[in-house]
Structures are given as C-alpha cells and as structure tokens.
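Worksheet: the structure to be examined is printed underneath.
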Number of protein chains: 2
Amino acid sequence: MNLKKYTDYSLRVLIFTGLKHGEERARIKEISDVYNISQEHVRKVVHDLVKRGLIESTRGRGGGIRLAKPAHEINVGMLVRDLEQDFALLECFDKGVNHCVISPGCSLKHVINKALGAFFKVLEEYTLEDLIHNEEELKALMGLST
Amino acid sequence: MNLKKYTDYSLRVLIFTGLKHGEERARIKEISDVYNISQEHVRKVVHDLVKRGLIESTRGRGGGIRLAKPAHEINVGMLVRDLEQDFALLECFDKGVNHCVISPGCSLKHVINKALGAFFKVLEEYTLEDLIHNEEELKALMGLST
DNA sequence: TTAAAAGGTGTATTTTGAATACATCTTTAT
DNA sequence: ATAAAGATGTATTCAAAATACACCTTTTAA
Ligand code: SF4
Ligand code: SF4
C-alpha cells in the first residue's frame with residue numbers, strides 16, 4: 001500500500017506555488033531545483049494540474065504558474081482521490097476483471113470500502129491552505145528569501 | 001493506491017479455513033480450486049499465515065490447515081497492517097531515503113498519517129468472525145456441501 | 001526580428017515490486 | 001513403500017510507475 005510519488009509531487013508543486021503571492025509566479029525550474037526533481041517530472045505534474053484547473057500557467061518569458069483559485073478552495077482529499085483514482089483496491093472492485101467466486105457474499109470488500117471512506121474523509125478535512133499555514137518555515141526550508 | 005493481491009489472498013485463505021469446524025481441515029488444493037488461484041500462491045500465503053501464528057498446519061496424509069485461534073481473535077486490521085507494512089506511503093516516511101527538503105515543516109505527511117490511522121481504525125473494528133458470519137451463503141458460493 | 005525564456009506534448013526507456021512459476025524436499029498415515 | 005499432504009528456496013514474467021528524451025509553441029525584451 002502506497003501512494004504514487006506523482007501524487008506527492010503534485011502536492012509539493014501546489015505547496016510551492018501556494019507560497020507565491022499577488023503577481024508572483026512560480027517557475028518549473030525553481031520547483032525542480034528546490035525539490036531536486038527533474039524538470040521533466042515537474043513539467044508533467046504541472047501540466048496535469050493545469051488541466052485539472054488548479055493551476056494557471058502563462059507561457060513565454062516572464063511566464064510561470066500560480067494557483068488558479070485560493071488555497072483554501074483546493075481540497076487535499078479531492079486531489080488525492082483523483083490522482084489515485086485507478087485503485088482497483090481489490091480484485092472484485094473492478095467489475096469485469098472480477099473472478100472472485102465469493103464476491104456476492106463477501107463482507108471483506110465492504111469493510112475495506114468503509115475503511116477507504118474513512119481515509120478520504122480525513123483528507124477531505126484539509127485544504128492547501130492548511131498545508132502552507134507555516135509559510136515562513138517552509139520558505140526557510142526551501143531557501144527562499146522571505 | 002491499492003492493496004496487494006497477496007493481502008486479499010491471505011484473507012481469502014482465512015475465510016475459507018474459518019468455515020471448517022472441529023477436526024475438519026482445509027487443504028491447499030481445495031482452496032486453490034475454489035478461488036482459482038494456483039496452488040503455488042496459496043502455498044506461499046498459507047506458509048506465511050502459519051508463520052504469523054494464525055494458521056496451524058499438519059503435514060502428511062490427512063493433514064491440512066485450520067485456524068490457530070478462534071475467528072473472533074483474528075483481527076482484520078492487524079493482519080492488513082502487517083501484510084502491507086512496507087508502505088513507504090510517501091518518500092519522507094522512509095528515513096534514510098528521504099530527500100524532501102521541506103520534510104521538517106511539512107504538514108502533508110501528518111495529514112496523510114492521520115488518514116491512514118483512520119483507515120486502519122476501521123479495519124481494526126472487524127475480525128475474521130465478521131467476515132464469515134454468513135457462513136451458509138459463503139459455503140454455497142464456494143460450492144461446498146453444507 | 002530574432003533570441004531567450006518560459007511552458008506544452010508525445011513517446012520511449014528504465015526500474016521496481018508484485019505476481020507467478022518451477023523445482024525439490026520433508027512429513028506422516030495407510 | 002507410497003501417496004498425500006505441506007515446506008522452502010529460487011527464478012521468471014509482467015505491469016505500473018518512474019524517469020528520460022526529443023521537439024514544439026508562445027511570449028516578450030533586446
Ligand atoms: S475475497 Fe472478498 S474482497 Fe477479496 S476479491 Fe473476493 S469478494 Fe473481493
Ligand atoms: S512534501 Fe511533505 S509529505 Fe511529501 S515527501 Fe515532502 S515532507 Fe513528505
């Protein structure tokens with residue numbers, strides 16, 4: 001059981017971007033430097049976040065990215081749910097591939113489902129704003145001038 | 001995000017074995033037939049469950065396996081936690097491999113951890129007994145004479 | 001008007017862990 | 001003895017994720 005790095009990277013990008021204010025924009029290069037992730041990955045992640053409508057990008061010199069909406073409107077649970085959506089958590093969750101003979105009478109899947117629900121319920125209590133509440137500390141860790 | 005088939009298989013083995021009573025024993029062959037999993041896998045899973053002290057095995061003719069303790073003492077949460085224990089759910093969870101610069105000030109990991117806690121909390125409310133409460137139905141699905 | 005700075009896009013390769021298979025051994029009742 | 005059961009270690013295959021590569025488009029300032 002584990003989350004994709006991709007998911008974490010996405011959150012990291014949002015955290016970084018969320019630290020920019022006003023007309024400031026984050027650049028992919030900056031992000032890739034701070035986290036030591038290759039620009040390629042960051043690019044992909046960013047692109048994806050743009051498509052999801054969480055980030056706004058501007059091309060060309062002087063361009064960059066910024067949040068497409070206020071941090072408190074970016075829900076952690078929603079995002080994770082989306083990014084990890086391909087969970088065929090168990091064989092029987094995926095109709096069509098399901099061959100498990102006891103499926104119709106199996107309680108396990110309900111139990112797992114309930115647990116998964118609890119997982120996301122917690123995540124959904126948080127927004128990006130909660131993740132950047134300690135702005136100064138984060139900036140310091142990133143080596144950004146505050 | 002997904003659980004290993006291995007985990008599901010382990011539970012399936014326990015469910016099957018839990019349906020045997022008294023001196024009855026389940027055989028690996030039976031299990032592999034019912035679920036259509038190769039004997040090899042079942043063997044591995046069984047072996048593992050024996051090592052974990054959940055199943056008792058007897059070799060030789062007339063041998064087989066049975067639960068090493070009553071079904072209500074086999075906790076689903078504990079088992080899943082064990083079987084999925086290698087979760088480096090996020091990069092920073094694994095000290096030593098952690099390179100994430102914001103780790104010391106990152107709230108995300110706490111959020112994820114809390115969510116994970118909620119996940120297991122639910123699972124821990126259930127035991128194997130809950131999974132086999134509908135014994136007759138399960139037996140029917142498995143094509144076992146009741 | 002062009003060069004540099006930004007992001008966009010598609011594809012290919014590598015890596016990793018899980019899933020699966022193979023081979024061979026030990027125990028025990030009949 | 002032998003067949004029925006489980007024990008054990010190793011090897012192979014497979015799929016998904018992670019990562020890398022190549023090249024395109026937009027914008028703006030020199
Ligand atoms: S045992 Fe239950 S949870 Fe597992 S695959 Fe079968 S139906 Fe699904
Ligand atoms: S961003 Fe937070 S959760 Fe993700 S790896 Fe860094 S410290 Fe861990």
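All figures in this text were calculated on a predicted structure; none of them were measured in a lab. Here is the naming used below: chain letters follow the sequence lines, and residue numbers restart at 1 for every chain. Keep in mind that the numbers below use all heavy atoms, side chains included, and drop hydrogens, waters and symmetry copies.
One can place CG of Asn2(A) at 14 Å from P of dT16(C), the figure rounded to the nearest angstrom. Summarising the geometry, the separation between CZ on Arg27(A) and P on dA4(C) is reported as 17 Å, rounded to the nearest angstrom. In this entry the distance linking CG of Asp33(A) with P of dA5(C) reads 14 Å, nearest Å. To the nearest angstrom, C1' of dG7(C) lies 12 Å from CD1 of Ile31(A). For the pair Lys4(B) NZ and dT16(C) C1', the computed distance is 13 Å after rounding to whole Å. For the pair Ile37(A) CD1 and dA20(D) C1', the computed distance is 15 Å after rounding to whole Å. Lys29(A) places its NZ atom 15 Å from the C1' atom of dA4(C), with the value rounded to the nearest Å. Taking atom CD of residue Gln39(B) and atom C1' of nucleotide dA5(D), one finds them 10 Å apart after rounding to whole Å.
Among dT28(D), dT20(C), dA19(C), the nucleotide with an atom closest to any side-chain atom of Arg61(A) is dT28(D).
Between His41(A) and dA20(D) there is a side-chain N or O to OP1 or OP2 distance below 4.0 Å. Note on Lys5(B): every side-chain N or O is 4.0 Å or more away from OP1 and OP2 of dA19(C).
Legend: residues meeting salt bridge (charged side-chain N to carboxylate O under 4.0 Å, His left out) with Lys20(B), ordered by chain and number and at least two apart, are Glu30(B). Ser107(B) meets the side-chain hydrogen bond (donor to acceptor under 3.5 Å, both in side chains) test with His133(A); sequence neighbours excluded. Residues meeting the salt bridge (charged side-chain N to carboxylate O under 4.0 Å, His left out) test with Asp33(A), sequence neighbours left out: Lys29(A). For Glu23(B), the salt bridge (charged side-chain N to carboxylate O under 4.0 Å, His left out) partners are Arg66(B), not counting sequence neighbours.
Rounded to the nearest 0.5 angstrom, Ile74(B) CD1 and Asp130(B) CG are separated by 12.0 Å.
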Considering only distance and modelled atom types, tabulate donor-acceptor pairs under 3.5 Å from the side chains of residues 39-50 of chain B, sequence neighbours left out.
residue: Gln39(B); atom: OE1; partner: Arg43(B); partner atom: NH2; Å: 3.4
residue: Asp48(B); atom: OD2; partner: Tyr6(B); partner atom: OH; Å: 2.9

In residues 11-19 of chain A, what donor-acceptor pairs under 3.5 Å come from side-chain atoms, sequence neighbours left out?
residue: Arg12(A); atom: NE; partner: Asp8(A); partner atom: OD2; Å: 2.9
residue: Arg12(A); atom: NH2; partner: Asp8(A); partner atom: OD2; Å: 3.1
residue: Arg12(A); atom: NH2; partner: Glu91(B); partner atom: OE1; Å: 3.0
residue: Thr17(A); atom: OG1; partner: Val13(A); partner atom: O; Å: 2.7

List the atom pairs, with distances to 0.1 Å, where a side-chain N or O of residues 110-124 of chain A and a protein N or O form a donor-acceptor pair under 3.5 Å, not counting sequence neighbours.
residue: Lys114(A); atom: NZ; partner: Tyr126(B); partner atom: OH; Å: 3.1
residue: Glu124(A); atom: OE2; partner: Arg81(A); partner atom: NE; Å: 3.1
residue: Glu124(A); atom: OE2; partner: Arg81(A); partner atom: NH2; Å: 3.0

In B/S/- notation (B base, S sugar-phosphate only, - none; protein heavy atoms under 4.0 Å), nucleotides 8-14 of chain C written 5' to 3' is BB-B---
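For the segment residues 9-21 of chain B, residues with any heavy atom less than 4.0 angstrom from an atom of DNA chain C are, sorted by number, Tyr9(B).
The only option from Lys4(B), Lys51(B), Arg52(B) that meets the salt bridge (charged side-chain N to carboxylate O under 4.0 Å, His left out) definition with Asp82(B) turns out to be Arg52(B).
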